[in-house]
Peer 1: 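Got a structure here, written out as structure tokens. Questions coming.
For reference, positions follow the sequence shown, starting with 1. All values derive from a computational prediction rather than experimental measurement.
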Amino acid sequence: MSCGRGLAAIVMLAVSSVGVSAQEGSSQASPPPPRVVVGDEGIALESGNGNYRLQLGLLLHADGRFALADESDQYVDSFVVRRVRPYLRGRLGRHFEFFMNPDFAGGTLTVQDAYVDTIFAPAFRIRAGKGKTPFGFERLQPAANMLFMERAFPTALAPNRDIGVQLLGDLSGGVVSYLAGVMNGVADGASADLETNDGKDISGRLVIRPFNRAKAGSAARGLGFGVAASRGDARGILALPVLRTQTLQQPYFSYAIAATPSAAADGVRTRHSPSVWYLHKAFGGWAEYVHTRTPVRRGDTRAEVDHDAWQVAGSWVLTGESATDSGSGVRPRHNFDFGHGGWGAFQIALRYHQLEIDDRAFTLGFAAPGASGSAQAFTAGLRWYLTGNLWYTLNFERTVFDDNASGPRRAENGLAFRTQVYF
């Protein structure tokens, strides 16, 4: 059997299976036939009544990252495949959904997300498995529609993905949304698949969109506010972060975990984060702040060490399409079609972000030799949406350390571009 005929047989078998499941859950004598849906949001197999659905898709990021004015050859210019995520999303009846999101970037397999939702109502669902911790504003934005190639410094302090149980829902037509979870606990900016102690982290995020029920096109409709907090036990060297620049991913701060005695987390870690955002027509912008406090011990010395980061970002769609924070991203009015007047859509973006390390990390000897105490970065970006599924992104970012561009750690100038495929 040829590959094409074999694939066709597999698809027909899957469609038949979906149809059988739909018939088992329906009392109708002649249920609607199952269908195959192919479009800009992926490929889906769906029962006739929509209760059963299996959706296949892909997120691919192919990057080039280059250091400018690198006279000492400190950085390695490179092409890299940043993300290769073929995902599987499904619905099993009206009240159960699942999401499986592996990543093959770098030639290794990492399961980014793997969870099951039990949906009682729009106001209440239970999520079990691995997913994003309900905390950081920018971290919770989908990787398929990040405004810049890499998230800003506040996300470096926010927990990434973790395993646990979450509660989430929308109230009053989306005016209020909440997320809360009990998770294993991870270091700032980190993900984990294994637990290292008996303590658990409690995280929560509350979102208010005060004008979400205003009429479509209202200037106030796109305003939103969020506040998040987390608390949990942090122990050992794995609970301490390594901080890197965003575009070139170069480490600039770490704790003295390789020294003797080593620095290690030793107590209750807390975080909090307010955020605000606004979307209207072609404009989109936000501000976010993240604060973390972690008790650190090295030998007989113990102290609470704070990290603080904030960002302000804004964008404008030059061709007039509406800015959006949804996973689908900006949809061009006219897809790129060379020779027939179609050029897609263009968007510009600017960002300033900063991260500060507590002075006690240095005065008490917790920081590794050569670590920087602060980083300030400016990012400029241009994105070309050829279609709703294929984008080109160009970013320039300049990062200054310890408020001194000519200091021991010279300012970093990174130029990066990305080709994105998403459906």
Peer 1: Assign the ring pair Y392 / W384 to parallel, tilted or perpendicular, where the plane angle (0 to 90°) is split at 30° and 60°.
Peer 2: perpendicular
Peer 1: So does Q141 get a backbone contact from the side chain of K132, meaning a donor-acceptor N/O pair under 3.5 Å?
Peer 2: yes
Peer 1: With respect to Q347, which candidate in W316, Y385, W391 satisfies the side-chain hydrogen bond (donor to acceptor under 3.5 Å, both in side chains) definition?
Peer 2: Y385
Peer 1: Check for a donor-acceptor pair, side chain of Q249 on one end and backbone N or O of T245 on the other, with a separation under 3.5 Å.
Peer 2: yes
Peer 1: Would you indicate whether the side-chain heavy atoms of N184 and K200 approach each other to under 4.5 Å?
Peer 2: yes
Peer 1: Might you point out which heavy atoms bring F148 and G381 nearest each other, and give the distance in Å?
Peer 2: CE2-N, 4.2 Å
Peer 1: Quick one, D193 and K130 - any side-chain contact, counting heavy atoms below 4.5 Å?
Peer 2: yes
Peer 1: Is Q420 reaching over with its side chain to a backbone N or O of T393, donor-acceptor style, under 3.5 angstrom?
Peer 2: no
Peer 1: Go through the structure and list residues passing side chain to side chain contact (heavy atoms under 4.5 Å, CB included) with T301, not counting sequence neighbours.
Peer 2: L364, F366
Peer 1: Show your working on side chain to side chain contact (heavy atoms under 4.5 Å, CB included) between N395 and L415 and close with a plain yes or no.
Peer 2: CA-CA 6 Å; N395 280 179; L415 182 68; over 6 Å; no
Peer 1: Between R89 and E41, does any NZ, NE, NH1 or NH2 come within less than 4.0 Å of an OD or OE carboxylate oxygen?
Peer 2: no
Peer 1: Quick check against the 3.5 Å criterion: does S172 have a side-chain atom that pairs as donor or acceptor with the backbone of V176?
Peer 2: no
Peer 1: Tell me, do I357 and F362 make a side-chain contact under 4.5 Å, heavy atoms counted?
Peer 2: yes
Peer 1: Verify whether the ring centers belonging to F66 and F79 lie closer than 6.0 Å.
Peer 2: yes
Peer 1: Please check if any side-chain donor atom of Y252 sits under 3.5 Å from a side-chain acceptor atom of Q250, or the reverse.
Peer 2: no
Peer 1: So, taking the atom named CD in Q354 and the one named CH2 in W310, what distance separates them when rounded to the nearest 0.5 Å?
Peer 2: 5.5 Å
Peer 1: Does the R65 side chain pair with the main chain of V80, one donor and one acceptor, at a distance under 3.5 Å?
Peer 2: no
Peer 1: Within the 4.5 Å heavy-atom criterion, are R333 and E321 side-chain neighbours or not?
Peer 2: yes
Peer 1: Can you name the residues that form a side chain to side chain contact (heavy atoms under 4.5 Å, CB included) with D170, not counting sequence neighbours?
Peer 2: S177
Peer 1: Enumerate the residue pairs fulfilling salt bridge (charged side-chain N to carboxylate O under 4.0 Å, His left out) with a member in residues 397-415, sequence neighbours excluded, ordered by first and then second residue.
Peer 2: R351-E397
Peer 1: Does any part of the side chain of R205, heavy atoms only, come nearer than 4.5 Å to the side chain of L140, both counted from C-beta?
Peer 2: yes
Peer 1: Whether the side chain of H95 engages the backbone of T118 through a donor-acceptor N/O pair (distance < 3.5 Å, no angle test) should be reported.
Peer 2: no
Peer 1: Return yes if a side-chain donor-acceptor contact under 3.5 Å exists between T324 and S322, otherwise no.
Peer 2: no
Peer 1: Looking at R331 and D40, does any basic side-chain N land under 4.0 Å from a carboxylate oxygen?
Peer 2: yes
Peer 1: Suppose we screen for side chain to side chain contact (heavy atoms under 4.5 Å, CB included). Which residues come up paired with I43, at least two apart in sequence or across chains?
Peer 2: V38
Peer 1: Distance-only, no hydrogens or angles: does the R161 side chain make a donor-acceptor pair with backbone N or O of Q112 under 3.5 Å?
Peer 2: yes
Peer 1: Where does the angle between the aromatic ring planes of F99 and Y115 fall among parallel (under 30°), tilted (30 to 60°) and perpendicular (over 60°)?
Peer 2: tilted
Peer 1: I'd like to know if the side chain of S374 pairs up with that of Q376 as donor and acceptor (distance under 3.5 Å, no hydrogens or angles considered).
Peer 2: yes
Peer 1: Using 4.0 Å as the upper bound for N to carboxylate O, is an ion pair formed by R360 and E304?
Peer 2: no
Peer 1: Less than 4.0 Å between a side-chain N and a carboxylate O, is that true for R82 and D63?
Peer 2: no
Peer 1: Is the shortest side-chain N to carboxylate O distance from R83 to D103 below 4.0 Å?
Peer 2: no
Peer 1: Go through F96 and D117 one step at a time and tell me if the side chain to side chain contact (heavy atoms under 4.5 Å, CB included) criterion holds.
Peer 2: CA-CA 6 Å; F96 306 96; D117 283 0; over 6 Å; no
Peer 1: Quick one: closest heavy-atom pair of P159 and T133, and the distance?
Peer 2: CG-CG2, 3.7 Å
Peer 1: For a quick test of reading the model, state the closest non-hydrogen atom pair linking P134 to S203 and the distance between them.
Peer 2: O-CB, 3.9 Å
Peer 1: Nearest 0.5 Å, please: how far is CZ in R85 from OG1 in T110?
Peer 2: 9.0 Å
Peer 1: Quick check, are the ring centers of F137 and W286 under 6.0 angstrom apart?
Peer 2: yes
Peer 1: Donor-acceptor pair, N145 side chain versus G327 backbone, under 3.5 Å?
Peer 2: no
Peer 1: Salt bridge between R53 and E97, side-chain N to carboxylate O under 4.0 Å?
Peer 2: no
Peer 1: Do L68 and F396 touch side chain to side chain, with heavy atoms closer than 4.5 Å?
Peer 2: yes
Peer 1: So M100 and P102, do their side chains get closer than 4.5 Å, heavy atoms only?
Peer 2: yes
Peer 1: From the options T294, N160, T292, T155, select the one residue that forms a side-chain hydrogen bond (donor to acceptor under 3.5 Å, both in side chains) with D188.
Peer 2: T292
Peer 1: Does Y422 form a side chain to side chain contact (heavy atoms under 4.5 Å, CB included) with N389? I'd like the steps, not just the answer.
Peer 2: CA-CA 5 Å; Y422 177 66; N389 302 104; 5.6 Å; no
Peer 1: With the side chain counted from C-beta on, respond yes when L279 and D325 share a heavy-atom pair under 4.5 Å apart, and no when they do not.
Peer 2: yes
Peer 1: Say whether, by atom type as modelled, one donor and one acceptor occur between the side chain of D113 and the main chain of N101 under 3.5 angstrom.
Peer 2: no
Peer 1: Thinking salt bridges, do R151 and E138 make one under a 4.0 Å N-O criterion?
Peer 2: no
Peer 1: Counting only heavy atoms not in R302 (residues, nucleotides, ligands), do more than 12 fall under 6.0 Å from its CZ?
Peer 2: yes
Peer 1: Apply salt bridge (charged side-chain N to carboxylate O under 4.0 Å, His left out) to D162 and list each qualifying residue two or more places apart in sequence or on a separate chain.
Peer 2: none
Peer 1: Taking only residues at least two apart or on different chains, which pairs with a member in residues 254-265 satisfy side-chain hydrogen bond (donor to acceptor under 3.5 Å, both in side chains)?
Peer 2: Y255-H307
Peer 1: Angle class for the Y289/H272 ring planes (parallel below 30°, perpendicular above 60°, tilted otherwise)?
Peer 2: tilted
Peer 1: Determine, for R269 against D201, whether the closest basic-nitrogen to carboxylate-oxygen distance falls under 4.0 angstrom.
Peer 2: yes
Peer 1: Sub-3.5 Å donor-acceptor pair from the side chain of T387 to the main-chain atoms of L390, do we have one?
Peer 2: yes
Peer 1: Go through the steps to decide whether L60 and F423 satisfy the test side chain to side chain contact (heavy atoms under 4.5 Å, CB included), and finish with yes or no.
Peer 2: CA-CA 10 Å; L60 171 65; F423 61 87; over 6 Å; no
